[in-house]
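Some notes on the structure that comes next.
Everything numeric in this text was worked out from a predicted model, so none of it was measured.
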Amino acid sequence: MRSLVAERDFRSLWLSSTISSFGGQITMLALPLTAVVMLDATPTQMGVMAALEALPFALFSLQTGVFIDRLKKLPILIAGDIFIGMVLATIPVMHFLHLLSMHVLYAVGFALGIAFVIVGTAAQVYLTHLAGRDRLIEANSLFTASDSMARLTGPGLAGLLIQLLSAPVAILADCAGFILSFLLLTRIRSVEEPPVVHRRLALWSEIKAGLHLVRSHSILRVLSVCAGGWFFLFQGFLTLETLFAARQLGLSAGQIGAAHMLGGGGALLAALIARRVTKKLGMGTPVLLGIGLSGASWMLIASIGRSPHAFQLLGLGLFLFDLGVTTYWINFSSLRQSVTPDAMLGRMTATMRFFTVAPAPFGAYLAGWLGERIGLSSTIALLGACTVLLGLGALLLTDLKRVPDMSSRKMMADDSDTVPESN
């Protein structure tokens, strides 16, 4: 990791991501709290908002991958920071004009979803370019560690800002973070060669090439099914989490933020031990164990009632959740990057994100619908139980647990079905 940080360009990318992560902690709390506290949103409305945030992944992921494989990635990241900052700024502006409504939050969530589809895909491909395949575990661990530090300190600051300034105004701090991120990205001097496209096909033909890659590659196929199932359930939990903490547990914005700080400790721990866990268990098993642990944490959270210890128990549940999901993500991301040729990284990432997040809008809406009918606790417990079964079933029924550490170039898969002949 020290060798990576010593490189100026990688350090600029890492610091840009870190600043965005800190700002993101504010929006992560402020956006749902704006809906819950200021606009008195129902569980169904929260489900609609979360569904609209995820819908662009289903609508635009596949096309995005094609264009990202054709274009330089750094300009996309720079333009993305500008766009996201402008979209977030509409919330405090509409608040000052007394025009803030759920429909405004719906529009902001959908616009942010579009940006994250494009920028997120480009960022993962660009990280592979700067770090190199042989340092992917280290690079992803470093990014996750800084994100974990943001989770450790950011939510507390976010909760304090929200209580002092109100949720919409606190989002301005996130806007400022995107300005700093933009400035850091403009400092990168690494020459990014234009992608080599030997034969440019029609858009749909290149989309089919990405689909064929994921469908025909045994590792990517299993990863896409596991990730799609997990994200369907996770989006449901995300829909109800703030509503549950604020209304059912009676916690303030500051307490919710502090609980997320405790959760960040789990993410930091997972990032610090990721290399050793991968060497011992390979890349596949941590993915499945992380899925199961995240589900168990939701079941713990669902069991919390109003009590003097509600804040501590929520913090413990989020600690276990972040420990599980970070273990899952580091190995999931590194594994799929390791087995994919450079020319297909954009389409692979976009296709995987499509299969992963496309079911999420349905998970969000279903969770909101169930939350109004069977209660928030029961819905979260049901989501947790299904997630545990997903991780356990994948562990028992797939060969993913036998996948070794593939983060070095020598161990990169050479699957004849990986790249379609047409590409």
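Taking the six-membered ring where the residue is Trp, F321 and W230 present parallel rings, their angle staying beneath 30° rather than reaching 60°. Between W329 and F332, the ring planes are tilted. Angles from 30° to 60° get that label.
Contact annotation: the side chain of L180 never approaches that of F22 to less than 4.5 Å [non-hydrogen atoms, C-beta and beyond]. A 4.5 Å side-chain heavy-atom check between H260 and M28 finds at least one atom pair inside the cut-off. Side-chain contact between T44 and Y365 is present, with heavy atoms from C-beta onward closer than 4.5 Å. In this structure, the side chains of L240 and M46 stay at 4.5 Å or more apart for every pair of heavy atoms.
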Begin from the C-alpha positions of F182 and L77 and carry the test side-chain contact (heavy atoms from CB on, under 4.5 Å) through to its verdict.
CA-CA 8 Å; F182 161 79; L77 301 183; over 6 Å; no
Chi angles and distances behind the side-chain contact (heavy atoms from CB on, under 4.5 Å) call for V277, T285
CA-CA 9 Å; V277 171; T285 299; over 6 Å; no
Evaluate S101 against V104 for side-chain contact (heavy atoms from CB on, under 4.5 Å), listing each step before the verdict.
CA-CA 5 Å; S101 67; V104 171; 3.6 Å; yes
Evaluate T121 against I76 for side-chain contact (heavy atoms from CB on, under 4.5 Å), listing each step before the verdict.
CA-CA 10 Å; T121 303; I76 297 174; over 6 Å; no
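Although no hydrogens or angles enter the test, the distance criterion places no donor-acceptor pair under 3.5 Å between the side chain of D9 and the main chain of I188. The main-chain N or O of R189 is never found under 3.5 Å from a side-chain atom of R8 such that the two would form a donor-acceptor pair. Judged by distance alone, the side chain of S17 and the main-chain N or O of W14 form no donor-acceptor pair under 3.5 Å. Not one N or O on the side chain of E372 forms a donor-acceptor pair closer than 3.5 Å with the backbone of T42. A distance-only check finds a donor-acceptor pair linking the side chain of R221 to the backbone of R215 [under 3.5 Å].
Between L390 and C226 the shortest heavy-atom distance is CD2-O, 3.7 Å. Considering every non-hydrogen atom in both M283 and N331, the closest pair reads O-CB, 3.4 Å. The minimum heavy-atom distance between D322 and A267, with the atom names listed, is CB-N, 3.6 Å. Here the closest non-hydrogen pair linking S16 and L184 is N-CD1, 3.6 Å. Nearest heavy atoms, A270 versus I330: O-CD1, 4.3 Å. Taking each heavy atom of S20 and F178 in turn, the nearest pair found is OG-CE2, 4.0 Å.
Once rounded to the nearest 0.5 Å, the distance linking OG1 of T379 with CZ of F244 reads 10.5 Å. Considering CG of L392 and CG of L289, their distance stands at 10.0 Å, rounded to 0.5 Å. Atom CD1 of I78 is separated from atom CG of L183 by 10.0 Å, given to the nearest 0.5 angstrom. Of the inter-residue distances, the one linking S12 atom OG with L185 atom CG reads 8.0 Å to the nearest 0.5 angstrom. Atom CZ in F231 sits 8.0 Å away from atom OG1 in T356 (nearest 0.5 Å). Separating the OG1 atom in T351 from the NZ atom in K208 is a distance of 13.5 Å, to the nearest 0.5 Å.
In this structure, F116 has its ring center at least 6.0 angstrom away from the ring center of F60.
For Y106, the OH atom sits in a packed shell: over 12 heavy atoms of surrounding residues, nucleotides or ligands are nearer than 6.0 Å. More than 12 heavy-atom neighbours from other residues, nucleotides or ligands sit within 6.0 angstrom of CZ on F319.
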